[in-house]
Structures are given as structure tokens and as C-alpha cells.
Enquirer: 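Below: one structure in C-alpha cells.
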Amino acid sequence: EAQVTQNPRYLITVTGKKLTVTCSQNMNHEYMSWYRQDPGLGLRQIYYSMNVEVTDKGDVPEGYKVSRKEKRNFPLILESPSPNQTSLYFCASSPSDIFKNIQYFGAGTRLSVL
Amino acid sequence: AQSVSQHNHHVILSEAASLELGCNYSYGGTVNLFWYVQYPGQHLQLLLKYFSGDPLVKGIKGFEAEFIKSKFSFNLRKPSVQWSDTAEYFCAVTDTGFQKLVFGTGTRLLVSP
């Protein structure tokens with residue numbers, strides 16, 4: 001089954017404790033992206049990657065890192081999480097040029113930073 | 001930069017009522033437009049999309065949207081809503097200048113039985 005898989009689905013952590021949210025897709029998509037969803041703000045892009053070893057900042061990249069060493073994986077790293085990063089995170093992928101293709105979303109990761 | 005406005009933040013309807021959710025975008029060039037839906041506790045799913053051609057596009061579950069270029073709008077409609085349409089609806093746009101999907105802030109629809 002074609003899907004985007006995020007882990008974990010739920011995570012509670014404390015300020016400053018490094019964490020990684022994994023994202024994997026099995027559709028051989030070139031484009032992958034991370035979003036955060038906050039009430040009243042919709043979804044905002046954190047980082048995106050157009051292919052392996054190619055990543056770029058989205059609208060709200062501060063406090064986050066990403067890497068794209070393999071085509072299928074696009075982990076989101078919070079080196080020193082803070083309470084303002086408490087949010088619902090979605091990973092998404094798209095076949096190639098995002099202008100021409102729809103995005104497929106993972107089930108989401110709900111993160112609470114205490 | 002591209003931006004998307006959804007003016008209705010919360011909409012409450014009774015079953016069988018008609019629905020129209022507004023969406024306006026800011027960029028005047030070539031755009032692709034989307035409506036995504038997020039059912040309670042679930043991930044986003046594509047409802048419908050407009051790339052080119054007929055400005056009236058039909059999606060899943062009886063939804064449709066009309067692209068009006070002169071108004072920079074892509075409003076979502078459904079003639080008769082059902083309780084199962086309770087969800088949050090997001091309008092989104094991509095354009096040729098940027099490699100990203102820009103979302104509106106979303107509209108929460110509650111349909112009472």
C-alpha cells in the first residue's frame with residue numbers, strides 16, 4: 001500500500017531533550033516536506049526536499065533540522081525542543097515537481113514539549 | 001509571497017443544507033489550486049484539485065469547486081451536506097515561482113444531524 005509513515009504518532013518530551021520524528025514513503029517520490037499545524041494558523045511548511053541531499057527552508061524553519069540521505073526517508077530533528085514547538089506535525093511527499101503533483105500526507109505526529 | 005485566505009473559520013450547518021466555503025489567493029500568475037480535508041483524528045486527504053481546463057472541478061463525496069481567475073477565488077461547494085462531512089477543510093495553492101504548497105488557515109465545518 002502506498003503511504004507516508006510517520007513515527008512516533010504521539011510524543012511528550014521536556015525542553016532541551018533532542019528528538020527525531022521519522023518520515024518514510026514507499027512511493028519513490030522525489031519531493032518531501034514537513035509541516036506544522038497550529039490552531040488558527042493552518043499548516044505551515046518547515047522544510048522541504050526536492051531530492052536526495054537537497055533540502056531547503058520553508059516558512060518556519062527555526063529550531064528544526066532535516067536530512068535527506070535516502071530518497072524514502074526525511075527525518076525531522078529538534079535539537080533543543082522548546083514549548084513553542086508543541087504542535088501537530090505532518091510529513092508529506094510528492095512525485096516530483098510540486099507544482100504539477102498532489103501531496104500525500106502522513107498520519108501526523110502530535111508533539112508536546114513541557 | 002503567495003498567501004491564501006479562508007474567511008470562514010467555523011461553519012455550522014444542519015444536514016441537507018448547502019455549503020460554500022470561500023478561498024482567495026494572492027498571486028496573479030499561473031497557479032494550481034487544491035482543497036484538502038482533514039476528518040477528526042485523521043491526516044489530510046485531497047478533496048479536489050484544479051490544474052487547468054474546466055474551471056468547475058468535481059471531487060470526491062459530491063464536492064465541487066469553481067476557479068474564478070478574475071476574483072482569485074476557488075470556492076468549495078456541496079449542495080447537501082451530511083453529518084460525515086464534519087471536518088476541517090483547507091484550501092491550498094502552488095505556483096510556478098515557489099516549490100511549496102501554501103495553505104489557508106482552514107475552516108472547521110460542523111454538521112449537525
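Residue numbering restarts at 1 for every chain, and letters A, B, ... go by the order of the sequence lines.
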Enquirer: Give a yes or no on this: more than 12 heavy atoms of other residues, nucleotides or ligands lie within 6.0 Å of atom CD1 of Ile68(B).
Expert: yes

Enquirer: Heavy-atom cut-off 4.5 Å, strictly under: side chain, backbone, both or neither for Gln6(A) against chain B?
Expert: neither

Enquirer: Kindly write out the residues that satisfy side chain to side chain contact (heavy atoms under 4.5 Å, CB included) with Asn24(B), not counting sequence neighbours, or none if the list is empty.
Expert: His7(B), Ser73(B)

Enquirer: A quick test of your reading: do over 12 heavy atoms of other residues, nucleotides or ligands sit less than 6.0 Å from NZ of Lys49(B)?
Expert: no

Enquirer: Give, as side chain, backbone, both or neither, the part of Glu88(B) having an atom under 4.5 angstrom from any heavy atom of chain A.
Expert: side chain

Enquirer: Heavy-atom distance under 4.5 Å to chain B: side chain of Leu41(A), backbone, both or neither?
Expert: backbone

Enquirer: By a 4.5 Å heavy-atom criterion (distance strictly below it), what part of Gln38(B) contacts chain A: side chain, backbone, both, or neither?
Expert: side chain

Enquirer: What distance separates Gln37(A) CD from Phe103(B) CZ, expressed to the nearest 0.5 Å?
Expert: 9.0 Å

Enquirer: Return yes if some donor-acceptor pair links the side-chain N/O of Tyr48(A) with the main-chain N/O of Leu101(B) below 3.5 Å, else return no.
Expert: no

Enquirer: Tell me, yes or no, whether the heavy-atom count around Arg44(A) atom CZ, taken from other residues, nucleotides or ligands under 6.0 Å, exceeds 12.
Expert: yes

Enquirer: Is the count of non-hydrogen atoms from other residues, nucleotides or ligands lying under 6.0 Å from Leu56(B) atom CG greater than 12?
Expert: yes

Enquirer: Under the side chain to side chain contact (heavy atoms under 4.5 Å, CB included) rule, collect the residues that match up with Pro39(A), sequence neighbours excluded.
Expert: none

Enquirer: Can you tell me how far CD1 of Ile102(A) sits from CD of Gln45(B), rounded to the nearest 0.5 angstrom?
Expert: 11.0 Å

Enquirer: Quick check on Leu44(B) against chain A: is it the side chain, the backbone, both or neither that has a heavy atom closer than 4.5 Å?
Expert: both

